[in-house]
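For ligands, and for the atoms within them, numbers begin at 1 and follow the listed sequence. Owing to the predicted nature of the structure, the values given are computational and were not obtained by experimental measurement.
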Amino acid sequence: MTTQELVEQAADLLAGLDRLTVLTGSGISAESGVPTFRGEDGLWRRFRAEELATPGAFARDPKLVWEWYDWRRGIIVGVRPNPGHAVLARWEEVFPGFTLITQNVDGLHPLAGSRRLVELHGNIWKTRCTAEGVVEENREVPLSAIPPRCPRCGALLRPHIVWFGEMLDRDVLRQALEAGSSCEAMLVVGTSSFVHPAASLPLAAAERGAPVVEVNTAETPLTHLAAVSIRGPAGEVLPRIDEALCSRRKRGAPRRSRRGPSPS
Ligand code: BV8
């Protein structure tokens with residue numbers, strides 16, 4: 001099947017829906033110039049995550065961990081959201097029950113205007129005081145002091161990010177599970193579907209019969225479960241799905257709330 005035929009299939013599945021949930025990974029920011037985790041330019045190739053994105057690594061060497069985040073902030077401050085981010089921000093108007101769940105900490109979705117957003121793993125532009133737990137925005141690039149310290153109590157600040165081996169924020173996880181269990185369909189963009197609990201969201205949706213649409217430049221463990229899996233860069237494929245949806249709206253395709261899978 002051609003990519004355009006798959007795009008039309010995806011649009012048929014999504015057209016007129018009310019509750020659409022989207023899950024994104026670092027692949028959606030690749031075309032903006034943000035390194036993915038496992039790609040050629042992946043962070044993993046230079047640094048093993050277990051060495052850096054863990055509470056143990058921070059306890060052992062907070063300076064090294066902050067140098068890594070300062071390096072990533074230096075890359076991210078210089079890039080812009082791409083058309084893939086823009087389509088998802090616009091879809092908040094198209095789908096009344098729209099929720100965007102991202103694993104990305106790069107802040108490009110909010111920069112693109114996304115508001116109905118769940119940042120599962122935190123945000124690289126926020127710090128947290130290791131003593132008081134106070135979370136604050138910090139956009140200083142480069143950081144003047146590494147490691148940065150709390151202006152109130154002088155304790156170490158840490159990135160307000162979920163590290164491996166750490167539980168996700170309870171409210172954030174609840175919002176994600178709710179959006180995953182009530183959606184009529186789930187669109188999964190630019191993720192290797194490897195890290196849990198994020199990777200379990202589309203599995204649970206598919207299990208209860210909600211169609212999963214995947215957009216990725218490569219196959220993933222999710223591909224065989226997807227109703228439609230489109231191979232291509234998110235920044236090109238999402239605008240094509242959006243266009244196909246627009247033409248259906250113009251043709252006056254009826255709004256339909258899929259009676260199928262009831263929210264579990
Ligand atoms: C937890 C913040 C309780 C840090 C991140 C069940 C089974 C196995 C393991 C576990 C399990 N449950 C828990 C675990 C342990 C662990 C885990 O999942 N480990 C993995 C490695 C197996 N999970 C946890 O620790 C979680 N906490 O569960 O707590 C607990 C604790 C201990 C034990 C049990 C339970 C916390 C996980 C969160 C960690 N923090 N990020 C930081 O950023 O600094 S995860 C981080 O890695 C990202 O946020 C993201 O989630 C993941 C990377 O994945 P992707 O974003 O998908 O990126 P990747 O490079 O892999 O893939 C990119 C994809 O895009 C590719 O498919 C590529 O083809 C595609 N692509 C590329 N370009 C494009 C494209 N697609 C479209 N267009 C393009 N242009």
Non-hydrogen atoms of Gly165 versus ligand 1: any pair closer than 4.0 Å?
yes

For ligand 1, which atoms have a heavy atom of Ser26 less than 4.0 angstrom away?
55 (P), 56 (O), 58 (O), 59 (P), 60 (O), 63 (C)

Just jot down the ligand 1 atoms closer than 4.0 angstrom to any heavy atom of Met167, in number order.
3 (C), 29 (O)

Please work out, at 4.0 Å between heavy atoms, whether the side chain, the backbone, both, or neither of Glu166 comes within that distance of ligand 1.
backbone

If you measure every N/O of Trp68 against every N/O of ligand 1, is any gap under 3.5 Å?
no

Look only at interatomic distance and state if Val162 has a nitrogen or oxygen under 3.5 Å from any nitrogen or oxygen of ligand 1.
yes

Is NZ or CZ of Arg72 both nearer than 6.0 Å to the six-membered ring centre of Trp68 and within 45° of the ring axis?
yes

Which one of Ser192, Pro197, Pro221 has a non-hydrogen atom at the shortest distance from atom 61 (O) of ligand 1?
Ser192

Below the 3.5 angstrom mark, is there an N/O of Tyr69, backbone or side chain, next to an N/O of ligand 1?
yes

Under 4.0 Å, heavy-atom basis, I'd like to know which part of Ile161 is in contact with ligand 1: side chain, backbone, both or neither.
side chain

Just checking Glu136: does its CD atom have more than 12 heavy atoms from other residues, nucleotides or ligands closer to it than 6.0 angstrom?
yes

To the nearest 0.5 Å, what is the distance between CD (Gln175) and CD (Glu119)?
11.0 Å

What is the minimum heavy-atom distance between Ala226 and Ser229, and which atoms define it?
CB-CB, 4.2 Å

dist Gln103:CD -> His121:NE2 (nearest 0.5 Å) comes out at 5.5 Å

The one among Glu31, Glu214, His196 that brings a heavy atom closest to atom 6 (C) of ligand 1
His196

Kindly confirm or rule out an N or O of Asn104 lying under 3.5 angstrom from an N or O of ligand 1.
no

Under a 3.5 Å distance rule, please check whether Asp18 uses its side chain to pair with a backbone N or O of Gly97 as donor and acceptor.
yes

Tell me yes or no: between the side chains of Glu140 and Ser144, is some donor less than 3.5 Å from an acceptor?
yes

Could you state the interatomic distance from CG (Leu157) to SG (Cys129), rounded to the nearest 0.5 Å?
6.0 Å

Mode of Ala30 contact toward ligand 1 - side chain, backbone, both, neither (heavy atoms, under 4.0 Å):
side chain

Between Trp163 and Phe58, how do the two ring planes meet: parallel, tilted or perpendicular, split at 30° and 60°?
tilted

Of all the atoms in ligand 1, which lie at a distance below 4.0 Å from a heavy atom belonging to Thr36?
60 (O)

Per-atom contacts, ligand 1 versus Gly25 - under 4.0 Å to a heavy atom
56 (O)

State whether the shortest distance between N or O atoms of Thr191 and N or O atoms of ligand 1 falls below 3.5 angstrom.
yes

If we only count N/O pairs under 3.5 Å, is Phe164 in contact with ligand 1?
no

Flag Gly190 as yes when one of its N or O atoms lies below 3.5 Å from any N or O atom of ligand 1, and as no otherwise.
yes

From the options Gly235, Ser29, Ala234, select the one whose nearest heavy atom is closest to atom 77 (C) of ligand 1.
Ala234

Ring geometry between Trp91 and Phe98 (parallel below 30°, tilted from 30 to 60°, perpendicular above 60°):
perpendicular

Under-4.0 Å salt bridge between Glu132 and Arg152:
yes

